[in-house]
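Working notes for the structure below.
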Amino acid sequence: MSETLYTAVATSTGNGRAGGHVVSSDGNLDLVLAIPTEMGGRGGGTNPEQLFAAGWSACFHSALKAVAAAEKITLTDSAVVADISIFPNGQGGYDLGASLHVEIADIEQAEAERLVGLAHQVCPYSNATRGNIKVEIETVVA
């Protein structure tokens, strides 16, 4: 195994997603958890799916910028929206699904799709989930 570049540490206490609390070891992340109203909860806090969506969108966007820069392509306006869905798996548990919506301005559609494909190969979240959950990727040139 390669040398570890960084290890993030977070601790969940209380009732987990049902009113618990999550904090990172450095204190930069300090959040109350809540079951979303769509799942029968009261809302009022974040949830693991939102945290996963935030992490994947930020990581994928960074991967997109990195692969573009490596090819001497400047992306002046781009965004990545990650939709993370949770659903019953029919076996008493739950599964996740993901849709990544990538928006890039001032570039040809084919080039945008090529860069998004490269980013999907580089992004650690994409690599961690590949083959484990259904992932859809949409590339839009604005």
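- Across every non-hydrogen atom of Ser24 and Asn28, the tightest pair is OG-N, 3.2 Å.
- The minimum heavy-atom distance linking Ala63 with Val122 is given by the pair CB-CG1, 4.2 Å.
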- Task: Check the pair Leu51 / Leu31 against side-chain contact (heavy atoms from CB on, under 4.5 Å), numbers first and verdict last.
- Result: CA-CA 10 Å; Leu51 295 170; Leu31 302 168; 3.6 Å; yes
- Query: Given Leu64 and Leu115, is the side-chain contact (heavy atoms from CB on, under 4.5 Å) satisfied, shown in steps?
  - Reply: CA-CA 7 Å; Leu64 178 64; Leu115 291 174; 3.9 Å; yes
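- Checked against Asp83 for a side-chain contact (heavy atoms from CB on, under 4.5 Å), the options Glu49, Glu136, His101 give a single hit: His101.
- Ile86 and Ile133 end up in the same hydrophobic cluster when Ile, Leu, Val, Met, Phe, Trp and Tyr side chains are linked at under 4.5 Å.
- Checking each of Thr76, Val116, Val80, Asp77 against Ile104 for a side-chain contact (heavy atoms from CB on, under 4.5 Å) leaves exactly one that passes, namely Val116.
- In this structure, Asn47 and Met39 have side chains that are not in contact, with every pair of non-hydrogen atoms separated by 4.5 Å or more.
- A distance-only check finds a donor-acceptor pair linking the side chain of Gln109 to the backbone of Thr139 [under 3.5 Å].
- Proximity of Asp30 to His21: side-chain heavy atoms (C-beta onward) are separated by under 4.5 Å at one or more points.
- Across Ala119 and Val67, no two heavy atoms sit closer than the pair N-CG2, 4.1 Å.
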- Item | Residues Thr129, Leu96; criterion side-chain contact (heavy atoms from CB on, under 4.5 Å); working and verdict | CA-CA 10 Å; Thr129 58; Leu96 296 175; over 6 Å; no
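- Trp56 and Tyr125 have parallel rings, their planes meeting at less than 30° on a 0 to 90° scale where 60° marks the start of perpendicular.
- At least one donor-acceptor pair closer than 3.5 Å links the side chain of Asn127 to the backbone N or O of Gln121.
- Minimum heavy-atom separation, Ser78 to His61: OG-NE2, 2.7 Å.
- Across every non-hydrogen atom of Lys65 and Leu75, the tightest pair is NZ-O, 3.0 Å.
- Leu33 and Ile84 are members of different hydrophobic clusters when ILVMFWY side chains are connected at heavy-atom separations under 4.5 Å.
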- Query: Which is it for Glu108 and Arg114 under the salt bridge (charged side-chain N to carboxylate O under 4.0 Å, His left out) test, yes or no, and what are the steps along the way?
  - Reply: CA-CA 10 Å; Glu108 295 294 323; Arg114 186 180 71 79; over 6 Å; no
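- Around atom OH of Tyr94, no more than 12 heavy atoms belonging to other residues, nucleotides or ligands sit under 6.0 Å away.
- Under the 4.5 Å side-chain criterion, counting only non-hydrogen atoms from C-beta, Val141 is in contact with Ile107.
- With rounding to the nearest 0.5 Å, the separation of CZ in Arg17 from OG1 in Thr46 is 10.0 Å.
- Smallest separation of non-hydrogen atoms from Gly43 and Thr37: N-CG2, 4.0 Å.
- Between the CG atom of Leu100 and the OG atom of Ser57 there is a distance of 8.5 Å, given to the nearest 0.5 Å.
- Between the Arg130 side chain and the His120 main chain, a donor and an acceptor come within less than 3.5 Å of each other.
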